[in-house]
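Working notes, beginning with the structure itself.
Positions are given from 1 along the sequence. Keep in mind that this is a model prediction, so the values were computed, not measured.
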Amino acid sequence: MAISRVGFIGLGIMGGPMAENLLKAGFTVTVWNRTPSRMEPLVAAGASPGLSPADVAAVSEVTISCVTNSPDVEAIALGPAGVMEGAPVGATYIDCSTIAPATARSVAEALAHHGVSMLDAPVSGGDIGAKAGTLAIMVGGESGPFERSLPVLQAMGKTIVHVGPSGSGQVVKLCNQVAGGLNLLAAAEAINLARRAGVDPAKMLEVVSAGAAGSWMLSNLAPRAVKGDYAPGFMVDLMQKDLRLVMDAANDSHTPLPGSALVYQLFQSIQAEGRGSDGTQSLIDAIAKLSG
Ligand SMILES: NC(=O)c1ccc[n+]([C@@H]2O[C@H](COP(=O)([O-])OP(=O)(O)OC[C@H]3O[C@@H](n4cnc5c(N)ncnc54)[C@H](OP(=O)(O)O)[C@@H]3O)[C@@H](O)[C@H]2O)c1
């Protein structure tokens, strides 16, 4: 039978619009957020408010979370009043947060003992993709729950790929952050050179984005950087959380990642200025400061 009842935990920059797209696709949606006021727009749009992650999971065939980091997923999945306490046998839990692959595996194992399957399904595409329902979703876990949950994932994303067993989705997301971070650095350097060499960076972006150097970062974040719009999208603090996970994975697999290490250090300088809540397009300032 097709899935109709979906729960959503964590209604932040990403989770809010993802839950809204589930409502638009016709699912019966129950939501919970630690800060209750963030549930209001979803409830106004037709979602039911839950009292806790357990409460949400108790009425949902599929429960999704999009929270910050590994300990947060452990808390909402396995902690008091967590998903494990409420989810019925046979239910599926899908975590869309970016967390350590090892945590995704250990939470999946704990839930499996209670008859609940877990997919790690981190996302890419930013706040823009979350609102448009065009996220790229990289999924780790068993194929049965993946296939059953596909219509739910399709309401939030456009490119959905089952990349391997539990934890694999998170490994692929770390690869995404390596490529995304270096793309952003390339955009920041191009903007800085255009400015210093006397060319309008907006004109530079207009044509370069359409050529062989085009990228999502160049098309979506670089224009925000040029305008001096630092509102997040994706906060520097979250990017650094991800780059630390990248470095852990690199250490575990003895993989040198010199470019990612540089991006991490440049973001460190933005954090040192107390700007961790700015969007990642603020990397432009770290580069601009190198030229005085
Ligand atoms: N923003 C992006 O462009 C983007 C893109 C791809 C992936 N991601 C990933 O998606 C996840 C969410 O990012 P976001 O940008 O949506 O962040 P956000 O706006 O800061 O939202 C975080 C959400 O997690 C909740 N939360 C955090 N810790 C919690 C805990 N211990 N217990 C219960 N709820 C908790 C927050 O609740 P409160 O409202 O109470 O704080 C909030 O709803 C992160 O893992 C991030 O790396 C983000």
Of all heavy-atom pairs between [X] and [Y], which one has the smallest distance, and what is that distance?
| X | Y | result |
| --- | --- | --- |
| L135 | A130 | CD2-N, 3.5 Å |
| S97 | Q170 | O-NE2, 2.9 Å |
| P201 | R195 | CG-CG, 3.7 Å |
| P36 | R34 | CD-O, 3.1 Å |
| P101 | V171 | CG-CG2, 3.8 Å |
| S219 | P223 | O-CG, 3.3 Å |

If we ignore hydrogens and angles and just use 3.5 Å, is the side chain of T103 paired with the main-chain N or O of I99 as donor and acceptor? no
Would a distance-only check, ignoring hydrogens and angles, find a side-chain to backbone donor-acceptor pair under 3.5 Å from Q281 to D229?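 Answer holds: yes.
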Take L283 and M239 through the side-chain contact (heavy atoms from CB on, under 4.5 Å) test and state the conclusion after the steps. CA-CA 11 Å; L283 188 65; M239 183 60 165; over 6 Å; no
Hey, could you give me the [atom1]/[atom2] distance between [X] and [Y], rounded to the nearest 0.5 Å?
| X | Y | atom1 | atom2 | result |
| --- | --- | --- | --- | --- |
| L238 | M14 | CG | CE | 10.5 Å |
| C175 | K173 | SG | NZ | 11.5 Å |
| E206 | D200 | CD | CG | 9.0 Å |
| T28 | L23 | OG1 | CG | 9.0 Å |
| F234 | L184 | CZ | CG | 10.5 Å |
| S166 | M118 | OG | CE | 6.5 Å |

Grouping I, L, V, M, F, W and Y whenever their side-chain heavy atoms are under 4.5 Å apart, do [X] and [Y] come out in a common cluster?
| X | Y | answer |
| --- | --- | --- |
| I284 | L218 | yes |
| V236 | W216 | yes |
| I9 | L22 | no |
| L185 | L257 | yes |
| V31 | I3 | yes |

Heavy-atom side-chain contact between [X] and [Y] under 4.5 Å:
| X | Y | result |
| --- | --- | --- |
| E142 | P165 | no |
| T280 | F267 | yes |
| V152 | L150 | no |
| S143 | H162 | yes |
| L182 | V263 | yes |
| F146 | L153 | yes |
| S48 | V29 | no |
| V107 | L78 | yes |

Report the C-alpha distance between W32 and I76 in whole Å, list the side-chain angles of each, state the deciding distance to 0.1 Å, and finish with yes or no for side-chain contact (heavy atoms from CB on, under 4.5 Å). CA-CA 10 Å; W32 179 83; I76 60 134; 4.3 Å; yes
Do T255 and S253 meet the criterion of a side-chain donor-acceptor pair at a distance under 3.5 Å? yes
Do D237 and Q271 have a side chain donor and acceptor closer than 3.5 Å?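 Note: D237 and Q271 side chains meet the donor-acceptor criterion.
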Derivation of the side-chain contact (heavy atoms from CB on, under 4.5 Å) call for L11 and M39: CA-CA 7 Å; L11 305 167; M39 291 194 273; 3.8 Å; yes
May I have the list of side-chain donor-acceptor pairs in residues 52-75 shorter than 3.5 Å, sequence neighbours left out?
{"unit_1": "S52", "atom_1": "OG", "unit_2": "A54", "atom_2": "N", "d": "3.4"}
{"unit_1": "S52", "atom_1": "OG", "unit_2": "D55", "atom_2": "N", "d": "3.0"}
{"unit_1": "D55", "atom_1": "OD2", "unit_2": "L51", "atom_2": "N", "d": "2.7"}
{"unit_1": "S60", "atom_1": "OG", "unit_2": "G7", "atom_2": "N", "d": "3.2"}
{"unit_1": "S60", "atom_1": "OG", "unit_2": "V56", "atom_2": "O", "d": "2.7"}
{"unit_1": "E61", "atom_1": "OE1", "unit_2": "S4", "atom_2": "N", "d": "3.0"}
{"unit_1": "E61", "atom_1": "OE1", "unit_2": "R5", "atom_2": "N", "d": "2.7"}
{"unit_1": "S65", "atom_1": "OG", "unit_2": "Y93", "atom_2": "OH", "d": "2.7"}
{"unit_1": "S65", "atom_1": "OG", "unit_2": "D95", "atom_2": "OD1", "d": "2.7"}
{"unit_1": "S70", "atom_1": "OG", "unit_2": "A100", "atom_2": "N", "d": "3.1"}
{"unit_1": "D72", "atom_1": "OD2", "unit_2": "N69", "atom_2": "N", "d": "2.9"}

Would you give me the side-chain donor-acceptor pairs under 3.5 Å for residues 285-292, sequence neighbours excluded?
{"unit_1": "D285", "atom_1": "OD1", "unit_2": "Y230", "atom_2": "OH", "d": "2.8"}
{"unit_1": "D285", "atom_1": "OD2", "unit_2": "Y230", "atom_2": "OH", "d": "3.0"}
{"unit_1": "D285", "atom_1": "OD2", "unit_2": "R275", "atom_2": "NH1", "d": "2.9"}
{"unit_1": "D285", "atom_1": "OD2", "unit_2": "R275", "atom_2": "NH2", "d": "3.0"}
{"unit_1": "K289", "atom_1": "NZ", "unit_2": "E273", "atom_2": "OE1", "d": "3.3"}
{"unit_1": "K289", "atom_1": "NZ", "unit_2": "E273", "atom_2": "OE2", "d": "2.4"}
{"unit_1": "S291", "atom_1": "OG", "unit_2": "N192", "atom_2": "ND2", "d": "3.0"}
{"unit_1": "S291", "atom_1": "OG", "unit_2": "A288", "atom_2": "O", "d": "3.1"}

Residue pair M84, V116: steps toward the side-chain contact (heavy atoms from CB on, under 4.5 Å) verdict: CA-CA 8 Å; M84 192 160 80; V116 175; over 6 Å; no
Salt bridge between R224 and D278, side-chain N to carboxylate O under 4.0 Å? no
